[in-house]
Each structure stands twice: as structure tokens, then as C-alpha cells.
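Numbers for residues simply follow the sequence, beginning at 1. Note that the structure is predicted; figures quoted are calculated from it, not measured.
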Amino acid sequence: MGTETASFKWEGKKVAQVNGVTAEKVWSVFSDFCNVQEWFPAVDTCYRVQGTDGEPGLIRYCATTKTKEEESRWAKERLVKIDPIGRCLSYEILENNVGFRSYVATVEVMPVDGDDQVSRIEWSFVADPVDGWKKEDLESYVDFCLQHMAKKMELNL
């Protein structure tokens, strides 16, 4: 049983629609890998640690501000692949204090059929189970963040 548990992964996908914004503009947000603090809820610090902007191997540091209730949460994340033509990227969490042992996300941006002013973001992930969380917790968190980002893009792009 221990072997089964060790190889078990959480997988999920969430989708958001961005109305009134082209896929190219939405993609510009995700392709600017070290600017996530402008769009992602609760992240207020993000900067390049090493690597070249827009190229695989780029590592970013992301963090939340410490509050009275909890310590600052942080993660170092590496851009694994980026495809500007297909508007798709993947990244992995390297180090963090959130509890992730393994997490890889893929984000793909596409126009909605027949309407270049409506975009679709697909965010999929594969992760080791996180202590103290259920898979549904991670799915809910990804969905919340994605919907927040989509609304912010509709208002600001």
C-alpha cells in the first residue's frame, strides 16, 4: 500500500472565460512570468531569481505579505516550458512553505470559437497530495484564483 500512496497524484483542470479581451492580451499576462503579483490574489511580491525572461529555466520567487493570523507564504517556481505560438506554459514549484512536495501547472490561453474578444484560460495541474488538504481544496483554490484573475483582466485589459 505504501508504494501506491507514494505514486498517487492529484490531477485537475479549471477553466475561466475572459470576456472582452483577446487571447493575445490574456496571454501577455501569463507570459510575463515574473509579474504574477499584478493578477494573482494574495501574491504581492514576485521577482526573478535566475534565468532569462520568457525562457524555460526562469525561476521566480512569489510571496504573500505576513498577516497577524499567519506567516507569509512563499514559493520558488521554475518555468518548465513556454510556447508563445500555442499560448501555453508550464511551471513547477521548486521550494515553498505551503506544503507542496511536487506541483506542476500548465496554463493555456485560447480564443473562444468565433469570437476574438472572448478568451478561455485552461489551468491544469498535477501534484502530490498536500498534508492537511483534500484534492477538492486544491481544485477550489485553483478555481478561485483563476476566476479572480479572469475578472481582473476583464476590468484592466
Would a single hydrophobic cluster contain both [Y] and [X], if residues Ile, Leu, Val, Met, Phe, Trp and Tyr are joined by side-chain heavy-atom contacts under 4.5 Å?
{"X": "Trp123", "Y": "Ile93", "result": "yes"}
{"X": "Val109", "Y": "Leu157", "result": "yes"}
{"X": "Val98", "Y": "Val104", "result": "no"}
{"X": "Ile121", "Y": "Val36", "result": "yes"}

Is the side chain of Asp53 donor-acceptor paired with the backbone N or O of Ser31 at a distance under 3.5 Å, no angle test?
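Not at all, since once roles are kept as given, no pair shorter than 3.5 Å links the two residues.
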Has Thr64 got a side-chain atom pairing as donor or acceptor with Arg73's backbone, closer than 3.5 angstrom?
yes
Could you tell me which residues satisfy salt bridge (Lys or Arg N to Asp or Glu O under 4.0 Å) with [X], sequence neighbours excluded, listed by chain and number?
{"X": "Lys152", "value": "none"}
{"X": "Glu38", "value": "none"}
{"X": "Asp131", "value": "Arg101"}
{"X": "Glu95", "value": "none"}

Apply the hydrophobic cluster definition, ILVMFWY joined by side-chain contacts under 4.5 Å directly or through others, and give me every member besides Val112.
Val118
Any chance you could pull the hydrophobic cluster mates of Tyr61, using side-chain heavy atoms under 4.5 angstrom and chaining through other members?
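ILVMFWY cluster around Tyr61 also holds Tyr47, Val49, Ile59, Trp74, Leu94.
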Close side-chain approach of [X] and [Y], heavy atoms under 4.5 Å:
{"X": "Cys62", "Y": "Cys46", "value": "yes"}
{"X": "Lys81", "Y": "Leu89", "value": "no"}
{"X": "Trp39", "Y": "Met153", "value": "yes"}

With rounding to the nearest 0.5 Å, note down the distance linking [atom1] in [X] to [atom2] in [Y].
{"X": "Asn96", "Y": "Lys76", "atom1": "CG", "atom2": "NZ", "result": "11.5 Å"}
{"X": "Phe33", "Y": "Leu58", "atom1": "CZ", "atom2": "CG", "result": "6.0 Å"}
{"X": "Glu11", "Y": "Phe125", "atom1": "CD", "atom2": "CZ", "result": "8.5 Å"}

Are more than 12 heavy atoms from other residues, nucleotides or ligands located less than 6.0 Å from atom NZ of Lys14?
yes
For Asp113, is the CG atom crowded, meaning more than 12 foreign heavy atoms sit under 6.0 Å from it?
no
Residues in ring-ring contact (aromatic ring centres under 6.0 Å, His included) with Phe40, at least two apart?
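Scan of Phe40 (ring-ring contact (aromatic ring centres under 6.0 Å, His included), adjacent residues dropped) gives none.
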In chain order, what residues pass the ring-ring contact (aromatic ring centres under 6.0 Å, His included) check against Tyr103, with sequence neighbours excluded?
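Checked Tyr103 against ring-ring contact (aromatic ring centres under 6.0 Å, His included); matches are Phe100.
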Residues in side chain to side chain donor-acceptor pair (under 3.5 Å) with Gln17, at least two apart?
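Side chain to side chain donor-acceptor pair (under 3.5 Å) check on Gln17 returns Asn19.
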Test side chain to side chain donor-acceptor pair (under 3.5 Å) applied to Asp44 - qualifying residues, sequence neighbours left out
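With sequence neighbours excluded, Asp44 shows a side chain to side chain donor-acceptor pair (under 3.5 Å) to Thr65, given in chain and number order.
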For residues 20-27, which side-chain donor-acceptor pairs fall under 3.5 Å, sequence neighbours excluded?
unit_1, atom_1, unit_2, atom_2, d
Thr22, OG1, Lys25, N, 3.1
Glu24, OE1, Arg87, NH1, 3.3

Any cation-pi pair here, Arg60 with Tyr91, using under 6.0 Å and within 45°?
yes
Assess the residue pair Glu92 and Glu77 against the criterion (side-chain contact (heavy atoms from CB on, under 4.5 Å)); give the C-alpha distance rounded to whole Å, side-chain angles, the decisive distance to 0.1 Å, and a yes or no.
CA-CA 5 Å; Glu92 64 182 338; Glu77 301 171 337; over 6 Å; no
Under 3.5 Å, which donor-acceptor pairs do the side chains of residues 137-147 form with other protein atoms, sequence neighbours left out?
unit_1, atom_1, unit_2, atom_2, d
Asp137, OD2, Lys134, N, 2.8
Glu139, OE2, Lys135, NZ, 3.3
Asp143, OD1, Gln147, NE2, 3.2
Gln147, NE2, Val15, O, 3.0

